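In what follows, a single structure is set out as structure tokens and then discussed.
Convention: sequence-line order gives letters A, B, ...; per-chain numbering from 1. Quick caveat, the model's predicted, so the values are computed rather than measured.
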Amino acid sequence: MAIVVLFILGLAYSLRSFYPIILQFNQPLIISSTSLLIGIIIGVFISFSQYDSEEVSFLYLTTYKVSIITWYYILKLAMPIILISIILFGSLIFYSNYPGRIFEYQTEVILGGFLGPYIFLTFHLDKKWKLIHLAGTLLIVITSLLEGHLGIKIIASFLFSFFFYWCSKKSWEKRLYEINKFKRKKRGTILSGNPIIKKELILLFNPQRIVPLTILLVVGQIGFLLESKLPFNVILLVTLILVTLMHDAWTLNIIGLEESTIYLYKYTGVSSKKLIVKKWFICFSLVFLFGLSIYLFWSIYYNLSVVDITNDIFQLVMFNFVISIIYIFIGLKFSDFNSRTYYRINMVGVIISGISMLSVFGSLLISGKLLLIEAIILGIIFVRVVYHEKTVRSVLYV
Amino acid sequence: MKKQLGVYSMFDSFNIQINNLSHSYEEKVALDNINWTLSSGKIYVLLGPNGAGKTTFLNLLAGSIKPTLGTITLFNSFGKEDKEFLNKNIGYLTEYPYFYPFLTTIEMIRLVGQLRGLEQGFLENQIEKWLDTFNLMEYRNQPMDSLSQGTKKRVAFIISVIHQPKIILLDEPTNGLDPKQIVLFRNVLRELANTGCLILLSTHIMGLGEKLADEVGIIYNNSLEYIGDNMGNLENLYLSITT
């Protein structure tokens with residue numbers, strides 16, 4: 001659920017950056033490349049989130065037909081891309097009197113949607129197919145430079161579909177073999193001595209979580225750069241939204257509620273308060289680090305005064321703290337054991353988190369001091385809950 | 001009361017010839033120089049410690065990975081690369097079967113049958129009979145994620161034999177089954193072997209091996225250390241080879 005919400009917000013965030021560019025039709029080449037880039041990002045995100053190695057193994061051992069897996073994953077990619085494109089086209093058409101051009105850019109977005117995952121196929125192709133693959137990539141990139149030649153682009157798309165199908169098929173043939181490979185034991189790393197932190201970091205940096213956040217980060221920052229007249233307050237607000245989204249992706253679902261952690265509590269007698277505080281600290285620090293980096297970059301770019309920067313960072317810390325604590329509480333109270341054998345936040349939790357976020361943003365708009373009061377109250381409650389071992393365990397053992 | 005199996009007809013006899021079969025994952029040798037001839041109508045039980053290479057061996061036979069060295073000849077005439085042939089003739093129950101949690105039992109089996117290209121009438125007939133065989137009629141319309149581990153395992157078995165394969169590969173098939181279900185499962189396997197199927201299963205349960213195996217193979221240190229008829233007392237045999 002969170003991933004869908006994240007994606008829709010991400011799309012809105014991307015569009016926010018995209019609209020003003022579309023309005024400036026005097027730089028067609030940049031628009032064309034940007035459309036392709038946005039498509040690539042959307043496509044990569046979709047293909048990452050759709051991939052399921054167990055499902056692939058199952059389909060292969062059921063049918064022994066690589067073509068079925070190839071078509072299945074093409075459909076899994078094509079359907080959301082086309083859906084998103086329809087939404088995007090519907091939105092953009094109101095911003096221009098040139099529907100022909102919008103349609104052309106839209107074609108670029110769709111092509112980019114396929115080109116993104118296509119680029120990654122090269123890692124699973126042999127030399128001969130890598131060359132063929134390169135020809136397909138060049139076909140799309142070169143035609144995207146031909147401004148105003150919609151007909152050529154449509155023909156190129158048609159040709160590209162053959163490249164896509166055959167390279168996908170060849171790539172799957174190789175990947176199917178790799179899926180069944182043993183994963184060799186790697187040498188101990190610096191984190192081997194602390195498997196709890198290692199486990200948390202691996203879960204946090206799971207591609208399905210990190211890719212959408214990276215997309216938001218990259219697209220958003222490009223958008224800011226392209227539109228330099230944006231008031232700084234908007235950048236601060238967007239940074240705070242990003243902080244919320246990061247907690248939504250990480251803290252809400254990660255904070256000690258996956259099955260393995262439950263068993264860890266049950267069978268090892270490890271202190272749950274210690275684990276929860278550790279998990280909270282990792283999420284809080286990471287989000288703060290990301291948020292602070294973005295904020296500092298833009299504050300320097302906008303040449304803000306030290307006093308303003310200090311004030312904003314204080315707000316950022318308070319905001320991050322409040323959100324992380326609220327999400328831990330929601331994560332503890334509103335999680336269900338779902339079919340994928342993971343505890344995930346349920347619908348009530350999603351609604352409550354939405355309401356909570358609106359309230360926190362509301363209080364921030366009213367006064368920064370209100371946020372400070374909220375942080376103190378929530379901090380006290382957090383300490384009380386966590387240090388009452390029984391309370392935490394009773395929630396976890398439902 | 002004896003229940004009817006899915007529509008299974010008698011097969012002509014055939015062999016699987018395994019010659020100098022080896023498999024490595026990068027530098028790690030998983031299986032080394034395996035030679036074995038398996039015949040139709042028999043049940044073969046594969047024993048070995050964890051990580052010995054049992055699953056790799058089954059994966060090689062199923063054609064999901066390729067041998068580094070050596071050959072596997074099925075039916076004396078077909079090569080391992082013939083995917084259509086594998087699809088038609090091999091049924092493989094993996095240790096951790098995959099299910100779509102939102103599909104019901106009958107939908108899940110039907111999906112696999114349709115993917116395998118089975119004729120609709122035949123497929124529905126098979127589904128009904130297999131569900132009845134494994135006492136799963138009451139679960140037919142329940143979503144997969146609501147089923148117990150043992151029930152899922154039975155559904156997974158049906159999925160692996162729904163197309164009447166001649167070769168049935170089973171990786172730890174009785175995990176999660178209760179004793180009554182294990183007895184039923186054993187009987188079903190024996191009946192399938194009697195129709196001419198070749199069954200190869202890996203297990204850690206010596207009792208299952210003793211009651212079921214016509215021939216036993218023990219993999220230890222990535223080699224097939226023992227091949228022989230089931231003479232009973234597998235535990236002693238196993239311990240003498242693996243210690």
Side-chain angles (χ1 to χ4, degrees), chain A residues 1 3-4 49-76 123-124 126 168-187 258-260 263 335-344 346-347, chain B residues 23-31 51 53 55-56 58-60 62-67 80-103 108-109 111-118 143-147 149 156 159-160 162-163 165 169 171:
Chain A
M1 185 65 194
I3 208 93
V4 176
S49 60
Q50 300 282 44
Y51 179 70
D52 182 343
S53 63
E54 284 177 23
E55 184 186 41
V56 172
S57 281
F58 159 75
L59 287 172
Y60 182 67
L61 288 170
T62 305
T63 63
Y64 289 102
K65 286 176 186 164
V66 179
S67 57
I68 284 188
I69 298 167
T70 310
W71 275 116
Y72 179 60
Y73 269 84
I74 287 175
L75 279 177
K76 270 177 113 173
F123 297 115
H124 303 281
D126 55 31
S168 294
K169 202 174 169 197
K170 289 290 159 193
S171 154
W172 277 117
E173 279 171 8
K174 206 169 172 199
R175 283 160 84 180
L176 281 164
Y177 173 66
E178 285 165 2
I179 284 167
N180 291 296
K181 266 187 179 176
F182 263 138
K183 281 183 180 160
R184 286 182 64 214
K185 282 177 189 168
K186 288 177 182 166
R187 281 181 202 165
E258 79 274 24
E259 192 186 21
S260 58
Y263 285 123
S335 296
D336 286 338
F337 190 69
N338 77 359
S339 56
R340 302 286 292 174
T341 68
Y342 277 97
Y343 273 84
R344 284 282 164 85
N346 60 27
M347 192 45 84
Chain B
H23 188 75
S24 303
Y25 296 103
E26 293 171 23
E27 297 102 50
K28 183 183 166 22
V29 177
L31 280 177
T55 301
T56 302
L58 292 174
N59 280 338
L60 283 163
S64 67
I65 54 174
K66 291 174 185 169
K80 284 288 292 169
E81 296 300 315
D82 192 335
K83 304 287 186 197
E84 277 296 319
F85 175 79
L86 292 172
N87 179 29
K88 198 174 161 213
N89 291 296
I90 287 186
Y92 185 17
L93 170 61
T94 55
E95 190 178 357
Y96 303 106
Y98 183 86
F99 302 107
Y100 289 99
F102 45 84
L103 291 184
M108 187 69 217
I109 304 171
L111 168 87
V112 174
Q114 287 172 353
L115 283 173
R116 284 191 183 279
L118 301 182
M144 290 306 300
D145 63 348
S146 69
L147 303 181
Q149 196 62 25
I159 283 171
S160 61
I162 196 77
H163 58 301
L169 307 170
D171 197 358

Donor + acceptor pair across side chains of B/Asp171, B/Tyr96 (<3.5 Å): no
Proximity breakdown for B/Tyr100 and chain A, heavy-atom pairs closer than 4.5 Å: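 Contact with chain A: side chain only.
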Whether A/His124 side chain and A/Lys170 backbone form a donor-acceptor pair below 3.5 Å: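 No.
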Chain B neighbours within residues 68-76 of chain A, where any heavy atom lies under 4.5 Å away: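 Interface residues of residues 68-76 of chain A: A/Ile68, A/Tyr72.
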With sequence neighbours excluded, residues passing side chain to side chain donor-acceptor pair (under 3.5 Å) with B/Thr94: none
Test log, rule side chain to side chain contact (heavy atoms under 4.5 Å, CB included), inputs B/Tyr98 and A/Thr62: CA-CA 10 Å; B/Tyr98 183 86; A/Thr62 305; over 6 Å; no
Student check: side-chain heavy atoms of B/Ile90 and A/Tyr64 closer than 4.5 Å: yes
Pairwise salt bridge (charged side-chain N to carboxylate O under 4.0 Å, His left out) hits with a residue in residues 61-70 of chain A, at least two apart: A/Lys65-B/Glu84
